[in-house]
A.B. asks: 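Supplied in structure tokens, the structure appears directly below.
These numbers come from a predicted model, not from an experiment. Throughout, protein chains are lettered first and strands after them, A, B, ... in sequence-line order, and every chain is numbered starting at 1.
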Amino acid sequence: MELSKAYEPQKVEGRIYTLWEKSGFLNPDKLPGKRKKTYTIVIPPPNITGFLHMGHALNATCQDILIRWRRMQGYKTLWLPGTDHAGIATQNVVEKELKKEGKTRFDLGREEFIKRVWQWKEKYGDIILDQLKKMGCSCDWSRTRFTMDKDYVRAVEAAFQHYYDKGWIYKGKRVVNWCPRCQTSLSDLEIEYKEEKGNLWYIKYPVVKNSKSQAPNSKQIPYSKFQISNFITVATTRPETILGDRAVAVNPKDKRYKNLVGKTAVLPLVDRKLPIIADRLVDPEFGTGAVKITPAHDLNDYQISLRHGLPMIQVIDEQGKITKEAPLPYQGMRVFEARQKIVEDLKKLGLLEKTEEYLHQIPKCYRCGTTLELIPSEQWFLKMGELAKTAIEMVKSEKVRFQPKRWEKVYFDWLKNIQDWCISRQIWWGHKIPLKGVDDVLDTWFSSALWPFATLGWPKQTKDLKAFYPTDVLSTARDIINLWVTRMIFSGMEFMKKPPFKNVYIHATVLTKEGKRMSKSLGTGLDPLILCDKYGADATRFGIAWQIMGGQDIKFVEDNIVMGRKFCNKVWNATRFVLLQISNSKLQIPNKFQFTNSKLTVADKRILKALDKTIKAVNKDLEGFRFGQASRRLYGFFWHDFCDIYVEKSKIQSSKSKTEKENTQKILLYVLLNSLKLLHPFIPFVTEEIYQQLPIKNKKKCLMVEEWPK
RNA sequence: GGGCACUUAGCUCAGUGGCAGAGCGCUGCACUCACAUUGCAGAGGUCGCUGGUUCAAAUCCAGCAGUGCCCACCA
């Protein structure tokens, strides 16, 4: 047999992936041998709008290394793939398409629009899964799931019903984050804050003259029907919301305003009476120490309003426009427009004391970037009390372990201050809330929360569910610890009475060389498939794995992929050398014991010992999710111990006896074969290709199902 | 405002108490040799700064400076 002079991944990868698919070994039920213990990973389902980015590539590499390693160790391994319908994200993409045709989703109507989304899904939804194949991922494609499959819909309905029957789902009018563009409420976790320059406006509110007192300086002012005595100044970043004001609040300990508490202020432009109240939430250090209270459009103010029994007035609607509750001149104006006019009007009345520049965090929709409004709205909520308690307990008792451990803190901090989960969304693409007369759909994460067991057939008690639940590892990004991981944990406990996984591996974030976030919109993204084309999928995987050190973020440099490519070529060529040394007739793979009684040279003993040490160390590394250490160890062993030292020494044969020469040949083949096995989880294509071409007798059908070295 | 990380060679990073390391890049030499995607040799570092603990500190402790990320109701 003949290997080309250099390894050419383009000629190999497609063919080898087909070999794996045809072998059936991606499916745990078709793996050879008796396999009692299972090892399961469910993939974090990428959005159907998604394309593979470096984060996916890294996560896919980690998961595939683990799965291939365990598969070779004799586990019944399942890596279950799938995609998420990603409510808002997908709806937005399809809406953008419609926009090109000059249409909105309302032109089509709900039913027609959803049809459109399904068409889109059928056409593009699986692209990202094909990209995972290019990376060499050994998922069981026969079990691919989608969060809106018929069976999955049943799981979502069953889960909803369960919570409903328990009385944990309720309807409530709350001030929620609202995206005027997506026309839906959003949960706290779906907000992104962006720092923007704004102003802090200081506005003078007249104070009504106490009817009993005879203050000499009281007067009637032209713009108010009330007699006023003096003014109280409040500071605000959003003057347009004054239209919805219901009170002015100060801190109860603030001496400056002691006399004013209990009196009444007048809301400029509206001429509404506002009680002046005291509440501990008011920070006397900020602004003037007096704050306007707008219960309908601010979360703090809403809290305060509950304590003081203040009613809401909604002055901003779902479109982000001023409502009819406001005075006529402002009605129908967009928020920003109204802001400018109100500031002008206040200035004219001499009620604008001053304006300061102010840098603050503006809430944005994490899907479309539109500035969010806070508006009161009827929504469905899921009570979090018991569920949160269970979730905390699972991690505290170490039934679920975070890896690295420090991410526990993010998890606990969120759960300890948790609010009830707003599970309704006013979009069209998603799971309809299974109640009569409700058009809302469920938050995407409600269905994602069921992923580890709904994909295995729940609520039916399937064979798969019994065999593969709970899973072993969840490997995911840190930014969805609370959006997703937390919710899977309490859902798993609620419906399966067991946590959905034993380990949560929070992988590194891939940054640019400059330490910035990789993002498509900023043009700082890097397409892993381009790297695969340029250097090969193995090189890309190895280069990525090389950089995964202790969960530290990775400033990505291509240099490591170059290293990966060189390494694959080295493995290829070392094989060529070994094959030249051994005879052409098919050889039996030497077993370890054959060496123990033979006459071994110092070099022989050294390489065998080094191999042994490497096997043990790599196992330990992988058990601890230390992918970088494992790849460096394998690299060092193969390139230096094996190629530079042992192979080079083997070339000097003149002084050797016949036995020694035979030993050398056996050891070359033995070490090579074991190296291929050890390297296979990291660089599966090249090692499989070589294995397929090795002229040895007792071969398995694929290296993928060879026995892991012991 | 709170939290979590990070700072070591030109670049990207290992090393967590005992002679400063890797990959990439760079310099020189070597292609009838498995591999020039190679081999051999080499240059390159006050381990962010200041103190402390120790026989011994890149490593442990304290403080400072800088960078990044996350959370948060300061209007």
A.B. asks: Can you tell if the side chain of A:F381 reaches within under 4.5 Å of the side chain of A:Q419, non-hydrogen atoms only?
C.D. replies: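 Heavy-atom side-chain distance check fails, nothing below 4.5 Å.
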A.B. asks: In whole Å, I'd like the distance from the CD1 atom of A:I362 to the C1' atom of B:C74.
C.D. replies: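 Rounded to whole Å, this separation is 14 Å.
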A.B. asks: Considering every strand and a 4.0 Å limit on heavy-atom distances, what is the contact class for A:R238: base, sugar-phosphate, or nothing?
C.D. replies: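 If one applies the 4.0 Å heavy-atom cut-off, A:R238 turns out to touch nothing in the nucleic acid.
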A.B. asks: Pick base, sugar-phosphate or nothing for A:K555, based on heavy-atom distances below 4.0 Å to the nucleic acid.
C.D. replies: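 A:K555: backbone/sugar contact only, no base atoms under 4.0 Å.
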A.B. asks: Under 4.0 angstrom, heavy atoms only, what part of the nucleic acid is A:D301 near: base, sugar-phosphate, or nothing?
C.D. replies: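 It contacts nothing in the nucleic acid.
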A.B. asks: Regarding A:D283, tell me which of base, sugar-phosphate or nothing describes its non-hydrogen contacts under 4.0 Å with the strands shown.
C.D. replies: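 Touches a base.
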A.B. asks: What is the separation between atom NZ on A:K416 and atom C1' on B:G3, rounded to the nearest whole Å?
C.D. replies: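 Atom NZ in A:K416 sits about 13 Å away from atom C1' in B:G3.
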A.B. asks: Can you tell me how far P in B:U12 sits from the matching atom in B:G1, rounded to whole Å?
C.D. replies: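 Looking at atom P only, B:U12 and B:G1 are 30 Å apart.
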A.B. asks: List in numerical order all residues of residues 539-548 of chain A for which some heavy atom is under 4.0 Å away from an atom belonging to RNA chain B.
C.D. replies: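 Of all residues in residues 539-548 of chain A, the ones placing a heavy atom under 4.0 Å from RNA chain B are A:W546, A:Q547.
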A.B. asks: RNA chain B: A:Y635 or A:A6, which has the more 5' nearest nucleotide?
C.D. replies: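 Result of the comparison: A:Y635.
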A.B. asks: Is the closest side-chain heavy-atom distance between A:T687 and A:Y691 below 4.5 Å?
C.D. replies: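 A:T687 does not reach A:Y691 side chain to side chain.
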A.B. asks: Going by heavy atoms in the side chains, are A:K613 and A:D641 under 4.5 Å from each other?
C.D. replies: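 No. Closest side-chain heavy atoms not under 4.5 Å.
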A.B. asks: What's the closest nucleotide to the A:N569 side chain, out of B:C73, B:A75, B:U37?
C.D. replies: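 Closest of the options to the side chain of A:N569: B:U37.
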A.B. asks: Within the 4.5 Å heavy-atom criterion, are A:L703 and A:K677 side-chain neighbours or not?
C.D. replies: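 Yes, close enough: below the 4.5 Å cut-off.
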A.B. asks: Take atom P in B:G44 and the same atom in B:G10, then report the distance between them in whole Å.
C.D. replies: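 That atom pair is separated by 11 Å.
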A.B. asks: Side chain of A:M549, heavy atoms from C-beta onward: which of B:G23, B:A34, B:A14 has the nearest atom to it?
C.D. replies: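 Nearest nucleotide to the side chain: B:A14.
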A.B. asks: What is the distance, rounded to the nearest whole Å, between atom CG of A:D479 and atom P of B:G68?
C.D. replies: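 Distance, rounded to whole Å: 19 Å.
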A.B. asks: Is A:V282 touching bases, backbone alone, or none of the nucleic acid, heavy atoms closer than 4.0 Å?
C.D. replies: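 Counting heavy atoms under 4.0 Å across all strands, the contact made by A:V282 includes a base.
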A.B. asks: Give me the distance, rounded to whole Å, that separates B:G17 from B:U38 when you measure between the P atoms they each carry.
C.D. replies: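 One P to the other, the span is 35 Å.
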A.B. asks: For A:F556, which contact category applies under a 4.0 Å heavy-atom criterion: base, sugar-phosphate, or nothing?
C.D. replies: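 Since no nucleic acid heavy atom lies under 4.0 Å of A:F556, the category is nothing.
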A.B. asks: Within the 4.5 Å heavy-atom criterion, are A:V291 and A:V234 side-chain neighbours or not?
C.D. replies: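 Sidechains of A:V234 and A:V291: no contact.
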A.B. asks: On RNA chain B, nearest-nucleotide positions of A:F577 versus A:V562: which is more 5'?
C.D. replies: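 Mapping each residue to its closest nucleotide by heavy atoms, the 5'-most match is A:V562.
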A.B. asks: What is the ring orientation for A:Y358 with A:F286, classed by angle as parallel under 30°, tilted 30 to 60°, or perpendicular over 60°?
C.D. replies: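 Ring orientation of A:Y358 relative to A:F286: perpendicular.
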A.B. asks: Distance between the P atoms of B:C33 and B:G23, in whole angstroms?
C.D. replies: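 It comes out at 26 Å once rounded to the nearest Å.
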A.B. asks: Would you classify A:V578 as touching base, sugar-phosphate or nothing, given that sugar-phosphate means primed atoms plus P, OP1 and OP2, and contacts are heavy atoms under 4.0 Å?
C.D. replies: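 Nothing, no heavy atom under 4.0 Å.
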A.B. asks: Please confirm whether the ring centroid of A:F682 lies under 6.0 Å from the ring centroid of A:F567.
C.D. replies: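 Ring-ring flag for A:F682/A:F567: false, centres at least 6.0 Å apart.
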A.B. asks: Out of B:A14, B:G39, B:A34, which has the shortest distance to the side chain of A:D644?
C.D. replies: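 Nearest to the side-chain atoms of A:D644, counting from C-beta on, is B:G39.
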A.B. asks: How about A:L679 and A:F637: do any of their side-chain heavy atoms sit closer than 4.5 Å?
C.D. replies: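 No, side chains not in contact.
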A.B. asks: Considering just the side-chain nitrogens and oxygens of A:Y358, establish if one lies under 4.0 Å of OP1 or OP2 belonging to B:A75.
C.D. replies: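 Affirmative; the distance criterion is met.
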A.B. asks: To the nearest 0.5 Å, what is the distance between CD1 (A:I481) and OG1 (A:T476)?
C.D. replies: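 Rounded to the nearest 0.5 Å, the CD1-OG1 separation comes out at 8.5 Å.
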A.B. asks: Between B:A34 and B:C19, how far apart are the two P atoms, rounded to whole Å?
C.D. replies: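 So the two P atoms sit 38 Å from each other.
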A.B. asks: C1' atom, B:U53 versus B:C60: distance in rounded Å?
C.D. replies: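 Per the computed distance, 8 Å lies between those C1' atoms.
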A.B. asks: Would you kindly give the CZ-to-P distance between A:R565 and B:G23, to the nearest whole Å?
C.D. replies: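 Whole-Å distance recorded here is 16 Å.
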A.B. asks: Tell me which one of A:W546, A:Y505, A:F542 satisfies ring-ring contact (aromatic ring centres under 6.0 Å, His included) with A:F627.
C.D. replies: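 Only match with A:F627 under ring-ring contact (aromatic ring centres under 6.0 Å, His included): A:Y505.
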A.B. asks: Identify which nucleotide among B:C73, B:C35, B:U12 has an atom closest to any side-chain atom of A:V557, counting heavy atoms from C-beta outward.
C.D. replies: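 The answer is B:U12.
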A.B. asks: Can you find a side-chain donor-acceptor pair between A:T664 and A:K649 that sits under 3.5 Å?
C.D. replies: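 No pair is found: no donor N or O on one side chain lies under 3.5 Å from an acceptor on the other.
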A.B. asks: Any N or O donor-acceptor pair linking the side chain of A:K409 to the base of B:C4 at under 3.5 Å?
C.D. replies: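 No pair found.
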A.B. asks: Nearest-Å distance, CD (A:E558) to P (B:U12)?
C.D. replies: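 Answer to the nearest Å: 15 Å.
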A.B. asks: Which range-with-range stems can be found for RNA chain B when each stem has 3 or more Watson-Crick or G-U pairs in a row and both distances sit under 3.5 Å?
C.D. replies: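 Stem list for RNA chain B: B:1-7 with B:65-71, B:10-13 with B:21-24, B:26-30 with B:38-42, B:48-52 with B:60-64.
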A.B. asks: Checking contacts here: which listed nucleotide (B:U37, B:G23, B:A75) is nearest the side-chain heavy atoms of A:T236?
C.D. replies: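 Taking heavy atoms from C-beta onward, the closest nucleotide is B:A75.
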A.B. asks: Measuring only the P atom in each nucleotide, how far is B:U46 from B:A9? A whole number of Å is fine.
C.D. replies: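 Comparing P positions in B:U46 and B:A9 gives a spacing of 9 Å.
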A.B. asks: To the nearest Å, give me how far apart CD1 (A:I561) and C1' (B:C13) are.
C.D. replies: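 Result: 14 Å.
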A.B. asks: Is the closest side-chain heavy-atom distance between A:Y330 and A:L269 below 4.5 Å?
C.D. replies: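 Sidechains of A:L269 and A:Y330: in contact.
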A.B. asks: Ignoring backbone atoms, establish whether A:W639 has a side-chain N or O less than 4.0 Å from OP1 or OP2 of B:G39.
C.D. replies: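 Checking A:W639 against B:G39: at least one side-chain N or O falls below 4.0 Å of OP1 or OP2.
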A.B. asks: Distance check needed: B:C71 C1' versus A:I418 CD1, whole Å only.
C.D. replies: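 It is 14 Å, rounded to the nearest whole Å.
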A.B. asks: Answer yes or no: does a side-chain N or O of A:K566 lie under 4.0 Å from OP1 or OP2 of B:U38?
C.D. replies: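 Affirmative; the distance criterion is met.
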A.B. asks: Rounding to an integer number of angstrom, what distance separates B:U32 and B:G25 when you compare their C1' atoms?
C.D. replies: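 That atom pair is separated by 31 Å.
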A.B. asks: Which one, B:C11, B:C69, B:A34, comes nearest to the side chain of A:R478?
C.D. replies: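 In terms of side-chain proximity for A:R478, the closest of B:C11, B:C69, B:A34 is B:C69.
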A.B. asks: May I have the distance from A:K570 (atom NZ) to B:G23 (atom C1'), rounded to whole angstrom?
C.D. replies: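 From A:K570 NZ to B:G23 C1': 15 Å.
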A.B. asks: Have a look at A:F412 and say if it touches a base, only the backbone sugar-phosphate, or nothing, with a 4.0 Å heavy-atom cut-off.
C.D. replies: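 Counting heavy atoms under 4.0 Å across all strands, no contact is made by A:F412.
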A.B. asks: With distance as the sole criterion, is a donor-acceptor pair present between the side chains of A:T371 and A:K364 under 3.5 Å?
C.D. replies: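 Yes, side-chain donor-acceptor contact under 3.5 Å.
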A.B. asks: What does A:R406 touch in the nucleic acid at a heavy-atom separation under 4.0 angstrom: a base, only the sugar-phosphate, or nothing?
C.D. replies: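 Since only primed, P, OP1 and OP2 atoms lie under 4.0 Å of A:R406, the category is sugar-phosphate.
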